[in-house]
Protein chains: 2
Amino acid sequence: MVKLKKSIDKRNALMEATISLVNNNGFHAAPMSKIAKMANVSPATIYLYFENKQDLVNKVYLEVKSQFTSYAFENYDPKLPVEAGFEIIWRRIADFKLKETEEALFLAQCDNTPMISEDSRQKGLVHLQPLLDLWERGQKEGIIKPISPYLLYAYTINPLSFLMVMQNRGAFKIDEVDLEQAYRAAWNSISVPNRFK
Amino acid sequence: MVKLKKSIDKRNALMEATISLVNNNGFHAAPMSKIAKMANVSPATIYLYFENKQDLVNKVYLEVKSQFTSYAFENYDPKLPVEAGFEIIWRRIADFKLKETEEALFLAQCDNTPMISEDSRQKGLVHLQPLLDLWERGQKEGIIKPISPYLLYAYTINPLSFLMVMQNRGAFKIDEVDLEQAYRAAWNSISVPNRFK
DNA sequence: CAAAACTGAATGAACATTCATTTTTCTAAT
DNA sequence: ATTAGAAAAATGAATGTTCATTCAGTTTTG
């Protein structure tokens, strides 16, 4: 696509409309016509900014994923000790999932749809590297269990997605106490037990 | 719908076709016409067994969910001590998710689609009660942390879904060692730490 | 031969995408 | 500064496809 100086506002409105509609009732409930209407734009205009629906959704995905990782590492310093660094990142991720619900919910919707290409998923993961590096350092120092990063992710980050979705579905409400307990659970699951602490 | 003595074989074939097609590429890729073709049946025949697509999918969901819970509690005895009982259930669930991949994947697909009604979700949860009871008993005995069952689920069962999906996506392969580590992570996250054990 | 089960083709709605025009913005010559 | 007119943006309606569901008729079963 040739670089054009089209209105960035319209592009943003389209992306936000996409997020909002997908959140509301899944990809199923986000036809191009509705997206256009919500963004106050003609359906045909979408195709000036995006190649097609796949392209639109994947672009939104990458944009939101990037917001997510920026947020997660905002006040992380790789020179911090392992446990402190982990807690900072974990709490930022929790914040994002519980406060930026629109964005977090959209990402959760994307996790399971074939609308997102393998390529986009791969790209979306790249910016998570600082967390993987931290874990590796923790393992070298004998603080974090020597297990696959997939396991580390499954037991520390993924539960937050589940809790966020449940909270959004109205099943229950996460308060400060729950969050504290969730952090303890996450850390206990991946840290090397130390009975002499 | 009036009770008819229609062939149970056709009904089963339709359910299996649904699972297979949904797994292959999401609900998006499972049109009634394809489901019918895969079950060697006319599209019109589906409507002799199910009211409509929603009904079909929800019935399959409840059926598979029920298979899942039967499997999970197959050799569980509520009189077992808490930790032993938990380990038995956890390992059965892990087995189901990692060996009965067709069924487990289908359930994961269902977790995020608006095609499944709130009512069906509710019904699907009912048979999980023995696990909730076990957790409650563990909490009374001071063995399991006094935290919300949603947290307990998020940190012990949900990670298995994540790992299953990742394995199915080819991202990595769970071996015996991973499984052992996963169990330790799950138990460590919810059990009351005991430094004198 | 009647009731039940089943069928392929037809119907109509929803949707992504394109197209022929119109509207807006930009440029540069007066 | 103004404005002609070219380029860029935007549009609503049209197109063609896919799909769930229905219907009129056929086949199977008891």
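Just so we're on the same page: letters track the sequence lines, and every chain starts at 1.
- Distance, A/I46 CD1 to C/dT17 C1': 10 Å, rounded to whole Å.
- The phosphate of C/dC19 has neither OP1 nor OP2 within less than 4.0 Å of any side-chain N or O from A/Y47.
- Here ring-ring contact (aromatic ring centres under 6.0 Å, His included) pairs that include residues 162-181 of chain A, with residues two or more places apart or in two chains, are A/F162-B/Y153, A/F172-B/Y150.
- A/Q67 is linked by a side-chain hydrogen bond (donor to acceptor under 3.5 Å, both in side chains) to nothing, counting only residues two or more places apart in sequence or in another chain.
- Pairs engaging residues 164-183 of chain A under the salt bridge (charged side-chain N to carboxylate O under 4.0 Å, His left out) rule: A/R91-A/E180 [sequence neighbours left out].
- Separating the CG atom of A/L48 from the P atom of C/dT17 is a distance of 14 Å, rounded to the nearest angstrom.
- Protein atom CD1 of B/I8 is 12 Å distant from nucleotide atom P of C/dA5, rounded to whole Å.
- Taking atom CZ of A/F50 as the reference point, atom C1' of D/dA10 lies 15 Å away to the nearest angstrom.
- For A/E74, the side-chain hydrogen bond (donor to acceptor under 3.5 Å, both in side chains) criterion is met by no residue, not counting sequence neighbours.
- Among residues at least two apart or in separate chains, salt bridge (charged side-chain N to carboxylate O under 4.0 Å, His left out) pairs with a member in residues 116-135 of chain B are B/E118-B/R121, B/D119-B/K123.
- For residues 137-156 of chain A, every residue pair satisfying the salt bridge (charged side-chain N to carboxylate O under 4.0 Å, His left out) rule, not counting sequence neighbours, is listed here: A/E136-A/K140, A/R137-A/E141.
- Relative orientation of the A/Y183 and A/W187 rings is parallel, given thresholds of 30° and 60° on the angle between their planes.
- For the OP1/OP2 pair of D/dA10 and a distance below 4.0 Å, the side-chain nitrogens and oxygens of A/K10 include at least one atom meeting the criterion.
- Summarising the geometry, the separation between OH on A/Y49 and C1' on D/dT11 is reported as 12 Å, rounded to the nearest angstrom.
- Contacts between residues 20-38 of chain B and DNA chain C, defined by a heavy-atom separation below 4.0 Å, involve no residue at all.
- Rounded to an integer number of Å, the gap from CG of A/D9 to P of D/dA9 is 14 Å.
- Applying the side-chain hydrogen bond (donor to acceptor under 3.5 Å, both in side chains) test to B/K65 and every residue at least two apart in sequence or in another chain returns nothing.
- Distance, A/K53 NZ to C/dA14 C1': 11 Å, rounded to whole Å.
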Might you list the N or O atoms of the protein lying below 3.5 Å from N or O atoms in nucleotides 13-16 of chain D, with each pair's distance?
none

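- The aromatic rings of A/F86 and A/W135 are tilted relative to each other, their planes meeting at an angle between 30° and 60°.
- The distance between atom CG of B/N40 and atom P of C/dG8, rounded to the nearest whole Å, is 11 Å.
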